Amino acid sequence: MTHAMLKGSNVPLKATTVRAVLRWTPGQGVPDVDASALLLGPDGRVRSDEDFVFYNQPRHPAGKVWRLGKKRVAEGLTDTIQTDLTGVEPGVSQILLVASADGVTFDRVRSLTILLYDAATDGEPLATFDIRPETGEETALICGELYRRGDGWKFRALGEGYSNGLKGLATDFGISVDESEEAAASDPTPAPLPPTPSLSQPLPPEQPTSAVPQQQPAYGYPANLPTHGYGYPDGPFRLPPQGPQFIGR
């Protein structure tokens, strides 16, 4: 049975691993949406910057919360966070499920919904929540939260907005943003970046093609976005050296 949730309502979870899917309808002028998660301790704050799972840090070091990647479905576009609830560290009391639109307000995002699934089955969602921004000026939203209740977990529908984006939301919960990036962003005459060879063009002879892995763009959809399944990051994950890097999209 699927629970159609209202803002502030909650539902107990029997599933041991859940998949939180953000879904929206694309179109002219509709911004892209990113899913992210913050793992909070009993004080309602992250324990360190590692507790922030987002597009530049797609997997928590403990391996129990991670992004599955973006996907095209019949109803629109999705971005997904998966959580192994039984393996989440005891020091984590709640996991916020967040949507952000990189500076574009959510009044331009159509049919934004969060759907919660039992990741062990292919059945109907456990819960759905149609998210309606309160002001329309939000650029980041806490869509819902997974939280401990006794020996189990519950899901609560929230829909709480921030007008200062993912960076402002994350900072509010204790994330320290890399100051060097802030300074670079405020510099009116940044040093030009060295030219980067296009992946569609032959590489210089001294740099064999096989040595350069294909890269995805920092934002939006790669040309070969899968129409089924999810995109997992390849290779070992490395944390940024000075806290999360909010690359301009």
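Everything quoted here is computed from the prediction, not taken from an experiment.
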Trainee: Do the side chain of Q94 and the main chain of G44 share a donor and acceptor less than 3.5 angstrom apart?
Mentor: no
Trainee: Following the transitive rule for hydrophobic clusters with a side-chain heavy-atom cut-off under 4.5 Å over Ile, Leu, Val, Met, Phe, Trp and Tyr, establish whether Y147 and F155 coincide in one cluster.
Mentor: no
Trainee: Do F52 and Q57 have side chains that get closer than 4.5 Å, going by heavy atoms?
Mentor: yes
Trainee: Do the side chain of T105 and the main chain of T139 share a donor and acceptor less than 3.5 angstrom apart?
Mentor: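 No; judged by distance alone, with no hydrogens or angles, the pair does not exist.
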Trainee: Counting only heavy atoms not in E124 (residues, nucleotides, ligands), do more than 12 fall under 6.0 Å from its CD?
Mentor: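 Atom CD in E124 is not crowded, with 12 or fewer foreign heavy atoms closer than 6.0 Å.
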Trainee: Measure the spacing between CG of L68 and CG of D79 and express it to the nearest 0.5 Å.
Mentor: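 The distance works out to 9.0 Å.
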Trainee: D84 and salt bridge (charged side-chain N to carboxylate O under 4.0 Å, His left out): which single residue from R59, K64, R19 fits?
Mentor: K64
Trainee: I'd like to know if the side chain of D172 and the backbone of G168 have a donor-acceptor N/O pair within less than 3.5 Å.
Mentor: no
Trainee: Are any non-hydrogen side-chain atoms of L126 and H3 less than 4.5 angstrom apart?
Mentor: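 No; the side chains remain at least 4.5 Å from each other.
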Trainee: So which atom in G76 and which in P26 form the shortest heavy-atom distance, rounded to 0.1 Å?
Mentor: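 Smallest heavy-atom distance, with atoms named: CA-CD, 3.8 Å.
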Trainee: CG/L112 to CD1/I131 distance, rounded to the nearest 0.5 angstrom?
Mentor: 4.0 Å
Trainee: Report the C-alpha separation of V21 and Y117 in whole Å, then their side-chain angles, then the decisive distance to 0.1 Å, and conclude whether the side chain to side chain contact (heavy atoms under 4.5 Å, CB included) test is met.
Mentor: CA-CA 8 Å; V21 179; Y117 291 87; 3.9 Å; yes
Trainee: Which heavy atom of E138 sits nearest a heavy atom of G161, and at what distance?
Mentor: CG-CA, 3.4 Å
Trainee: Do any N or O atoms from the side chain of T2 and from the backbone of P125 form a donor-acceptor pair under 3.5 angstrom?
Mentor: yes
Trainee: According to a 4.5 Å side-chain heavy-atom criterion applied to Ile, Leu, Val, Met, Phe, Trp and Tyr, with indirect links allowed, do L97 and L77 form part of one hydrophobic cluster?
Mentor: yes
Trainee: How long is the span from the CG atom in L141 to the CZ atom in F106, to the nearest 0.5 Å?
Mentor: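 Rounded to the nearest 0.5 Å, the CG-CZ separation comes to 4.5 Å.
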Trainee: So which heavy atom on I114 is nearest to which on C143, and how close?
Mentor: CD1-CB, 4.0 Å
Trainee: Less than 4.5 Å apart, side chain to side chain, heavy atoms only: is that true for N164 and L169?
Mentor: no
Trainee: Out of curiosity, E75 CD to L115 CG, how far, rounded to the nearest 0.5 Å?
Mentor: 8.5 Å
Trainee: On a heavy-atom basis, which atom in F129 and which in G159 lie closest, and how many Å separate them?
Mentor: CE2-N, 3.8 Å
Trainee: Taking S9 for its side chain and M5 for its backbone only, find out whether a donor-acceptor pair lies under 3.5 Å.
Mentor: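 Judged by distance alone, no pair lies under 3.5 Å.
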Trainee: Once you round to the nearest 0.5 Å, how far does CG of N10 lie from CG of L146?
Mentor: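 The CG atom of N10 sits 12.0 Å away from the CG atom of L146.
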Trainee: With a 4.5 Å limit on heavy-atom distance, are the side chains of L40 and L96 in contact?
Mentor: yes
Trainee: Is atom CZ of R132 surrounded by more than 12 heavy atoms (other residues, nucleotides or ligands) closer than 6.0 Å?
Mentor: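 Incorrect, the count does not exceed 12.
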Trainee: Between T83 (side chain only) and L85 (backbone N and O only), is there a donor and an acceptor less than 3.5 Å apart?
Mentor: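 No: the side chain of T83 does not pair with the backbone of L85.
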Trainee: Just by distance, no angles: are the side chains of R67 and Y55 close enough, under 3.5 Å, to form a donor-acceptor pair?
Mentor: no
Trainee: Would you indicate whether the side-chain heavy atoms of L13 and L116 approach each other to under 4.5 Å?
Mentor: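 Touching, per the 4.5 Å side-chain cut-off.
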Trainee: Just how far is it from atom CD1 of I95 to atom CG of L38, taken to the nearest 0.5 Å?
Mentor: 10.0 Å
Trainee: What are the two closest non-hydrogen atoms of D118 and A15, and how far apart are they?
Mentor: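 Minimum heavy-atom separation between D118 and A15: CG-CB, 3.5 Å.
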Trainee: For residues L166 and S36, report the shortest heavy-atom separation together with the two atoms involved.
Mentor: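 Where L166 meets S36 most closely, the heavy atoms are CD1-OG, 3.5 Å.
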Trainee: Output yes when a side-chain donor or acceptor of R110 lies under 3.5 Å from a complementary backbone atom of W24, and no otherwise.
Mentor: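 Pair absent, no side-chain N/O of R110 close to backbone of W24.
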Trainee: Closer than 4.0 angstrom, basic N to acidic O: yes or no for E160 and K7?
Mentor: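 Between K7 and E160 there is no salt bridge, as every charged N stays at least 4.0 Å from the carboxylate O atoms.
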Trainee: Counting only heavy atoms not in D122, do more than 12 sit closer than 6.0 Å to its CG atom?
Mentor: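 Check fails, neighbour count at 12 or below.
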Trainee: Hey, is D34 close enough to K70 for a salt bridge, meaning N to O under 4.0 Å?
Mentor: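 Counted as a salt bridge, because a side-chain N and a carboxylate O are separated by less than 4.0 Å.
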Trainee: Treating Ile, Leu, Val, Met, Phe, Trp and Tyr as nodes and any side-chain heavy-atom pair under 4.5 angstrom as an edge, say whether F173 and L158 lie in one connected cluster.
Mentor: yes
Trainee: Are P133 and D107 close enough that some pair of their side-chain heavy atoms sits under 4.5 Å apart?
Mentor: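 No; the side chains remain at least 4.5 Å from each other.
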Trainee: Ignoring hydrogens and angles, state whether a donor on the side chain of S176 or D49 is under 3.5 Å from an acceptor on the partner side chain.
Mentor: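 Yes, a side-chain donor-acceptor pair sits under 3.5 Å.
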